[in-house]
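Data first, discussion second: the structure below is written as structure tokens.
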Protein chains: 2
Amino acid sequence: MAERRTYHHGTLRQALVDGAKEILAESGHEQFSLNEVARRAGVSTAAPYRHFRNRDELLGAVAEEGYATLADKLENADGLAALGGVYVRFAHDNPGLFVTMFRSRPGGTESAAGRAAFETLLRAVSAAQHSGEIATHASPEITARSLWVTLHGLAVLHLQQPHDRYGLGGEPEQLAATTLSALLGLKSD
Amino acid sequence: MAERRTYHHGTLRQALVDGAKEILAESGHEQFSLNEVARRAGVSTAAPYRHFRNRDELLGAVAEEGYATLADKLENADGLAALGGVYVRFAHDNPGLFVTMFRSRPGGTESAAGRAAFETLLRAVSAAQHSGEIATHASPEITARSLWVTLHGLAVLHLQQPHDRYGLGGEPEQLAATTLSALLGLKSD
DNA sequence: CTGCTATGTTAGTGCCGTTCACATCGAACG
DNA sequence: CGTTCGATGTGAACGGCACTAACATAGCAG
């Protein structure tokens, strides 16, 4: 990172979030280290504690930005199949970030962006139900939740089966299309 | 654990695996510590390295036993809805173990028990397709994979939404039934 | 009985997250 | 314009972690 001439960094908080994203992209969630983030930002290992209570809170801020990015990408997808492709593609392209976003942390706070992402999916499901593209076995809410669950499972398992085990190693868009087609009879043209 | 009178433990390897399971059950995957496992087994922190190359290899052995247990439970389930219930229930009752089994570890070895579990699901899907219980949008293999993906996503999201967010906090069997019904129109009685 | 090998211990290394006392600085106020 | 005060940074610690190297013990095979 750029040299710092002043005693105070000025924009350390965002620099830490950005650095954390970098590390997650390079080395994955398991290798993440708060000390390493501080080193990259050119500050002491104690500095981050002026902006975050602990390591988890920094990762939470990172996750929040991840949710916002994902919600935005989902918004620009048209149709259920495309939505699914975007979701799995996001996990594929940002595995460290994705794991950080959805790692088990009981009691985690609700994310506004996460909710927005779900609303986008919900709208797509409602439209597909009304157009008859998919069957109406349940309410839009339940159906959307069920589809989210499916896409999430697909993303998670895709990330950890790099050797194409169970055929889960293919291209994200293809995987999403095949899976939605198998469950819903959804055509993905 | 029981006091040890001899210099050599005798069955340390299994004691370590069992102790690791205990810790996972009590404190979860994130809190797991190899030193703590050694302490519980009443040996030095270096002893585990006579039986496992590193922490990950011990967790791998734990995961393998987890796969075997899960495969066994799935085998004794009748019908798709029951199978789904068993899967999500297992995650619910053994969150630490479940996370350990499916944590991201690129290049992880194929598990025989994991494969067996999938075969069980595959048989159930074939039967359901032949009886007309579910539609035949795709091959049994693809359909089984898609259902596994769904159940897995359900389990994962259930584990991390303890406050019933998105309605994912309910009883495992109920969640599985509702989800399969929404996607497939599957009746669960 | 002797010695080999498997399995244990002790004592260390370096990294981690976190805290505490102290340093610096910018902005708010007299 | 000078002072002070809160926000933000540093350096030096603490205990815990995964892991390693050198050494100790013991069970087993000759």
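Only heavy atoms go into these numbers, but all of them, side chains included; no hydrogens, no water, no symmetry mates. Here is the naming used below: chain letters follow the sequence lines, and residue numbers restart at 1 for every chain. In this text, all values refer to a predicted model and were calculated from it rather than measured experimentally.
- Across the helix from C/dC1-D/dG30 to C/dG30-D/dC1, the helix axis at one end is tilted relative to the axis at the other end by 0° (nearest 10 degrees, each axis from five pairs).
- Rounded to an integer number of Å, the gap from CG of B/Leu34 to P of D/dT20 is 11 Å.
- Note on B/His51: a side-chain N or O is less than 4.0 Å away from OP1 or OP2 of C/dG8.
- The side chain to side chain contact (heavy atoms under 4.5 Å, CB included) check on A/Gln31 picks up A/Ser27, with sequence neighbours excluded.
- Nucleic acid contact class of A/Arg39 (heavy atoms, under 4.0 Å, all strands): sugar-phosphate only.
- Residues passing the side chain to side chain contact (heavy atoms under 4.5 Å, CB included) test with A/Thr100 are A/Leu24, A/His29, A/Leu59, sequence neighbours excluded.
- The list of salt bridge (Lys or Arg N to Asp or Glu O under 4.0 Å) pairs with a residue in residues 171-180 of chain B, not counting sequence neighbours, reads B/Arg89-B/Glu171, B/Arg89-B/Glu173.
- Taking atom CG of A/Asn35 as the reference point, atom P of D/dT10 lies 13 Å away to the nearest angstrom.
- In this structure, CZ of A/Phe32 is placed 15 Å from C1' of C/dC15, rounded to the nearest angstrom.
- Atoms CD1 (B/Ile23) and C1' (D/dA18) sit 14 Å apart, rounded to a whole Å.
- The side chain to side chain contact (heavy atoms under 4.5 Å, CB included) test applied to A/Ala144 returns A/Phe118, A/Leu121, A/Leu122, A/Val125, not counting sequence neighbours.
- In this view, B/Tyr49 and B/Leu34 satisfy the side chain to side chain contact (heavy atoms under 4.5 Å, CB included) rule, not counting sequence neighbours.
- Between B/Leu58 atom CG and D/dC19 atom P there is a gap of 10 Å when expressed in whole angstrom units.
- In this structure, the CD atom of B/Gln31 is 12 Å from the C1' atom of D/dC17, given to the nearest Å.
- Listed by chain and residue number, B/Glu75 satisfy the salt bridge (charged side-chain N to carboxylate O under 4.0 Å, His left out) test with B/Arg123 (two or more places apart in sequence, or in another chain).
- What separates CG of A/Asn54 from C1' of C/dC16 is a distance of 14 Å, to the nearest Å.
- Side chain of B/Ser44, nearest nucleotide from D/dC17, C/dT10, D/dT10: C/dT10.
- The number of heavy atoms from other shown groups lying within 6.0 Å of CG (B/Asn76) is above 12.
- With sequence neighbours excluded, the residues satisfying ring-ring contact (aromatic ring centres under 6.0 Å, His included) with B/Phe102 are B/Tyr67, B/Phe98, B/His152.
- Rounded to whole Å, atom P of C/dC15 lies 18 Å from atom CZ of B/Arg55.
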For this session: Might you work through the salt bridge (Lys or Arg N to Asp or Glu O under 4.0 Å) test for A/Glu141 and A/Arg145, ending with a clear yes or no?
Result: CA-CA 6 Å; A/Glu141 284 77 13; A/Arg145 188 188 78 191; over 6 Å; no

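- Comparing B/Val43 and A/Ser33 against DNA chain C, the residue whose closest nucleotide sits nearer the 5' end is B/Val43.
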Seminar exercise, completed: Once base and sugar-phosphate atoms are separated, protein heavy atoms under 4.0 Å mark nucleotides 19-27 of chain C, 5' to 3', with B, S and - as BBBBBBS--

